[in-house]
Amino acid sequence: MDFPVELLINALIAGILLGGFYAAVTVGISISFGILDIVNIAHPAFIILGSYIAYILNQRLGLDPILVSILVLPFFYYLGSLVYQVYYLSFEKRGQEALRGLAFFFGLLFVTEVVLILVFGVDYRYVQAGYIDTTLRFSFLDLPMRMVVPFVISMILVLGLQLFLSKTFTGRAIMAVAQDQLALSLMAADPIRIKRIAFSISIATAAIAGALLIIIQPVEPSVGREYIGRVFAICVLGGMGSLPGTLIAALLLGIVESITSTFYGPSWAPAVAFGFLLITLAVRPSGILGR
Amino acid sequence: MRTWQFFLVSLVIALAGFMGARLLQNDYLFFAGYVVLQFIVLATAWNILGGYCGYVNFGSAAFFAMGAYTTVVMTKLPAFANRHFPEEIAALVGIPPIPVLILLGGVIAGLVGLGTGYLTLRLRGVFFAIATLALAVVLQTLIVNWDFVGGSRGAYVIRPATAPLFGINYIEYLFLVMLVLVVVALTTARAIERSRLGYGFATIRDDELAAEASGVPTLKLKLVATTLSGAFMGMAGAPFPYYIGFLEPSSAFGLAYAVNAIAMPMIGGTTSWVGPLLGAVLLGTLQQLATVTISSAVSLLLVGLLLVFFVIIAPNGLLGLWHDYFGRKHKTEDESKTAAVKTS
């Protein structure tokens, strides 16, 4: 049998598009877990929340899901600062983040999921927009717009965040708080305020990632769990808090997953991320671009 | 009290409770009670690693499901042997009795715990927690793709018509088996607390670096804790297919087990074996009541909210509240002592 080259190229392209989307899902974790050392395992739940908000406004008002996600950014930002405030006062200040902080975020993840199930049920929900059903074709190459649009938005998001972190004062302060909190406070910047801003930004990215998710696939409340393994695998593999590393790792995982599901069947795809995570943890826990 | 005395006393109390429950002649009591007992074992198992060592396991459901699916495999073996082996060999293959299945489930889940621990426990504790979270997803993927145990369709496990013990029906038998397992788990947890092993675990929880520096073999101790904890979770899951009758991946790997296994010790109190017992009895009963009177989703929501509420408001659980309320004098003495140490 001839090796299906065309199939392979299609799988590769699909993997790159998928990986770009994974980068948008992971940047939030890269900021909260990678830079701030806050193990926010509830992040996927915020992403699903973003998906459902995009769904409601798309159904009721016919708004474009990406437009919705930009409109609700302030809301997610304040939600983030609220969560950080509770986390800081209850756990970080008391030095209890290891055990109880984790349990707190796990509780948040669970409560969000159950509330969404109670309100919306377990049916799959999807959004409607002009570009979702169209596909660009170049001879044998298929480029479905429902993958291309999230890829482009995601690239803009990652690039924008990288510029923000490396060029602006606040962004540099965020990078500094990861390295030496005491030194930052000696420079008259409040580390807690900087951390709160950074965490709020990380939650705000969940609004955009959520909208992208519901463009790519129909969403039900427990979908978020599949992403926990993926986002942490990407974050660790990318080197904890390095956005370029996150992007590379995301593309890598996207390609491997896409090839796995093309040649072995989609039901095996969730196992790929875990394999990635385990191998990374066992071989090189500091990741590709780790410090 | 010595460990064997504790074991005998709690066994007698448990059996007396069982006999008392039989007098009521109500099967529902055993159906609901079984779930509560199962959660006592799960919570105690979680606490061996989480409460004593301070390492969070989010994958309780995976270990539980490993036990349950070990049983499913064993119940499918005789039919498989009939099809593929000559008759003489096939005749030797039977379904083992439940206590043997529990041991098998414990061994398999313990090995899974050992493997996960070996790969991730050398790193910071957070990575172990994340790995257990992902472990649940991957093991579920494996089971879904494994046709022998029914794949995503699930598997029927036919409950025998009569119980192996004379005079009681099958649900009472399952309840009794789980009751004995509860006594074993509590005795083990209590024995660990008072042994060198338990002190080793406590040093890991309080300051791992200092423990390592003083010569505590931390990795070895952590692996012991992970294996023990995983094994008990598997044991709790092994009789489950017989209880439920029809096992499918999404019910065996349900997030409810993971949440309950964490919430119960956290709400009860993690430092002593009494905490998980207290938490499991209270939360388990509450959930049974809420499931019957309202709905199962609401009862899960209740658990999640209680977990968040307790870790914020009462970080040491009900036991901590109890000590704060009745042991204030004792505590202030302790505090003045530590203050004296700090100033000196």
Side-chain angles (χ1 to χ4, degrees), chain A residues 29 33 37-39 41 86-87 89-91 94 96-115 117-119 121-122 222 225-233 235-236 264-265 267-283 285-286, chain B residues 50-51 53-56 58 115-116 118-120 122-131 133-142 144-145 151-152 205 250 253-256 258-259 262-263 265-266 270 295-313 315-316:
Chain A
I29 287 281
F33 179 46
D37 214 17
I38 299 171
V39 194
I41 47 174
V86 173
Y87 175 77
L89 289 176
S90 321
F91 310 108
R94 299 189 207 155
Q96 288 178 332
E97 61 259 44
L99 184 65
R100 304 207 163 74
L102 268 177
F104 167 70
F105 280 121
F106 191 62
L108 274 191
L109 168 79
F110 188 68
V111 168
T112 314
E113 189 180 315
V114 175
V115 167
I117 288 178
L118 280 174
V119 177
V122 290
S222 66
R225 258 183 277 157
E226 288 173 23
Y227 282 87
I228 295 175
R230 280 190 193 124
V231 292
F232 280 99
C235 180
V236 174
Y264 299 96
S267 61
W268 284 104
V272 175
F274 182 72
F276 253 68
L277 181 64
L278 269 192
I279 294 169
T280 320
L281 289 180
V283 180
S286 56
Chain B
C53 290
Y55 274 75
V56 184
F58 289 122
T116 322
Y118 187 75
L119 280 174
T120 53
R122 276 168 296 178
L123 304 162
R124 287 169 47 214
V126 168
F127 289 115
F128 174 75
I130 296 166
L133 207 54
L135 178 73
V137 175
V138 167
L139 287 178
Q140 188 172 356
T141 311
L142 291 181
V144 163
N145 284 292
S152 56
R205 179 186 60 208
S250 57
F253 284 92
L255 201 57
V259 172
I262 295 171
M266 284 285 184
T270 52
S295 79
S296 62
V298 172
S299 86
L300 286 177
L301 181 64
L302 220 53
V303 176
L305 289 176
L306 276 174
L307 172 64
V308 173
F309 177 79
F310 263 84
V311 290
I312 293 176
I313 307 294
N316 295 318

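All values reported here derive from a predicted model rather than from experimental measurement. Residue numbers start from 1 in every chain, and the chains themselves are labelled A, B, ... in the order their sequence lines are given, proteins ahead of strands.
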Chain B contact via [X] - side chain, backbone, both or neither, heavy atoms under 4.5 Å:
X      : value
A:F105 : neither
A:V39  : side chain
A:V86  : side chain

In terms of heavy-atom proximity below 4.5 Å to chain A, should [X] be classed as side chain, backbone, both, or neither?
X      : result
B:A297 : both
B:A258 : both
B:S152 : neither
B:L307 : side chain
B:L306 : neither
B:L133 : side chain
B:L300 : both

Tell me, please, which residues at least two apart from B:Y55 pass side-chain hydrogen bond (donor to acceptor under 3.5 Å, both in side chains).
-> B:E208, B:K222
For A:S222, enumerate each residue passing the side-chain hydrogen bond (donor to acceptor under 3.5 Å, both in side chains) test, keeping only those at least two apart in sequence or located in another chain.
-> A:E220
Sort out for me which of [options] touches chain A most, counting heavy-atom pairs under 4.5 Å.
options                : value
B:L255, B:T141, B:L119 : B:L255
B:V126, B:I130, B:T116 : B:I130
B:L305, B:N145, B:L301 : B:N145

What distance do B:M266 atom CE and A:L99 atom CG have between them, rounded to the nearest 0.5 Å?
-> 3.5 Å
The single option from B:V311, B:V308, B:V259, B:V56 that satisfies side-chain contact (heavy atoms from CB on, under 4.5 Å) with A:F106 is B:V259
Determine whether B:V137 and A:R230 make a side-chain contact, defined as any pair of heavy atoms from C-beta on separated by less than 4.5 Å.
-> no
B:F58 versus A:I41: any side-chain heavy-atom pair under 4.5 Å?
-> yes
Counting heavy-atom pairs under 4.5 Å with chain B, the top scorer among A:I117, A:I228, A:L109 is A:I228
